[in-house]
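Right, one structure below, let's go through it.
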There are 2 protein chains.
Amino acid sequence: MSIGFMSTETIGEKLRHIREEKELPLRKVAALLDIDVAILSKMERGERRITKEVVLKLANIYDYNADDLLVSFLSDKILYEIQDEDLGIEALKVAEEKAKYIKANRKK
Amino acid sequence: MSIGFMSTETIGEKLRHIREEKELPLRKVAALLDIDVAILSKMERGERRITKEVVLKLANIYDYNADDLLVSFLSDKILYEIQDEDLGIEALKVAEEKAKYIKANRKK
DNA sequence: AATCCTATTGACATAATGTGTCAAAATTAG
DNA sequence: CTAATTTTGACACATTATGTCAATAGGATT
């Protein structure tokens, strides 16, 4: 078992926490990303979609594990698709089986 | 283990197979759904998005297990989000953990 | 081939959604 | 209070989704 808590925070919340940890203002990070401060603010609060590119750039800016952020980013997108669905967990299991099957047979 | 094959068919392919099994023409099913034949054709071939509502209506029309179709529908949407992603399966596992956590704590 | 039924394709207009930009308002820090 | 930071909302624009329709293609039958 991991020593950390189960993370239920969204990718946006996670990015905000990391940024606050580094004590970087939105203003500076937005400038580094070359996007408007308003957009970054909304991304952190889940009001605007975050792109994979932004996630990777932020991993660099924050010197944070990119894979960790990407998994958080992707799982967010996945959860969005099954929100409020009773069959969500069942669908996730099926999706995982399919994904494994596809991965195993993708190699030529 | 199940006696069936691992199903890698999409919800569209599945719906088409069911329809062919019932020997119903697109024309008739589209009429029952009150949508254009062209759209249903495209839905079965993955060229147009299928909605949850259509899936449920088709479960009725075909007298087919609705949950089974819904799981297929949802897992398709999930897989679409992680297509080509190396971290896809990892993200699915994290999403499942989160979904379970949310479900367990959702009850008031 | 000609006819009929079915299915596919593409073009089009329109609707819905996403995106960047900006400025004003609100919040927080010094 | 003042200044910096963040949030909010409005707007124009781009991108994407959707429904409608007609032309095309495919298959079977005669």
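The sequence lines fix the lettering, A, B, ..., with proteins before strands; numbering per chain opens at 1.
Taking only side-chain atoms of B:Val37, from C-beta outward, the nucleotide of D:dG19, C:dG20, C:dT8 with the closest atom is C:dT8. For B:Glu47, counting side-chain heavy atoms from C-beta on, the closest listed nucleotide (C:dT9, D:dT7, D:dC21) is C:dT9. Nearest nucleotide to the A:Arg27 side chain, out of D:dT7, D:dT5, C:dT21: D:dT5. Distances from the side chain of B:Arg16 to the nucleotides D:dT20, C:dT8, D:dT8 place C:dT8 closest. Comparing D:dT8, D:dA17, D:dC21 against the side chain of B:Arg49 picks out D:dA17 as the nearest. Side-chain proximity of B:Pro25 to C:dA7, D:dT18, C:dT8: nearest is C:dA7. Closest contact between the side chain of A:Arg45 and the listed nucleotides C:dG20, D:dT8, D:dC21 involves D:dT8. Out of D:dC21, C:dA7, C:dG10, the shortest distance to the side chain of B:Lys42 is found at C:dG10.
Inter-residue side-chain proximity for B:Arg49 and B:Lys77 is flagged as unmet; no heavy-atom pair is nearer than 4.5 Å. Using a 4.5 Å heavy-atom threshold, the side chains of B:Ile82 and B:Ile89 count as separate. Residues B:Val29 and B:Tyr62 meet the side-chain proximity criterion, which asks for heavy atoms closer than 4.5 Å. Counting heavy atoms from C-beta on, the side chains of B:Glu96 and B:Lys93 never come closer than 4.5 Å. Counting heavy atoms from C-beta outward, A:Met43 and A:Ile11 have side chains that stay 4.5 Å or more apart.
Nucleic acid contact class of B:Arg48 (heavy atoms, under 4.0 Å, all strands): base. Here A:Leu26 lies in heavy-atom contact (under 4.0 Å) with sugar-phosphate atoms only.
Atom CE of A:Met43 is separated from atom C1' of D:dT7 by 16 Å (rounded to the nearest Å). Rounding to whole angstrom units, CG of residue B:Leu33 and P of D:dT18 are separated by 15 Å. Rounded to whole Å, the distance from CD1 on B:Ile35 to P on D:dA17 is 17 Å. With rounding to whole Å, A:Leu40 atom CG is found 14 Å from D:dT5 atom P. Distance B:Lys77 NZ to D:dA17 P: 13 Å, rounded to the nearest Å. Across the protein-nucleic acid pair, A:Tyr80 atom OH and C:dT17 atom C1' stand 10 Å apart, rounded to whole Å. B:Glu53 has its CD atom 12 Å from the P atom of D:dT18, to the nearest Å. In this structure, A:Ile39 places its CD1 atom 14 Å from C1' of D:dT8, rounding to the nearest Å.
The end-to-end axis angle of the helix from C:dA1-D:dT30 to C:dG30-D:dC1, rounded to 10 degrees and based on five pairs per end, is 30°.
Between B:Leu24 and A:Asp36, it is B:Leu24 whose nearest contact on DNA chain C lies nearer the 5' terminus.
Remark: the backbone N or O of B:Val71 is paired with a side-chain donor or acceptor of B:Ser75 at under 3.5 angstrom. In this structure, the side chain of B:Glu13 engages the main chain of B:Thr10 through a donor-acceptor pair within 3.5 Å.
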Chi angles and distances behind the side chain to side chain contact (heavy atoms under 4.5 Å, CB included) call for B:Ile61, B:Leu58: CA-CA 5 Å; B:Ile61 292 170; B:Leu58 287 176; 4.2 Å; yes

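Taking side-chain N and O atoms only, A:Ser41 has a distance below 4.0 Å to OP1 or OP2 of D:dT7.
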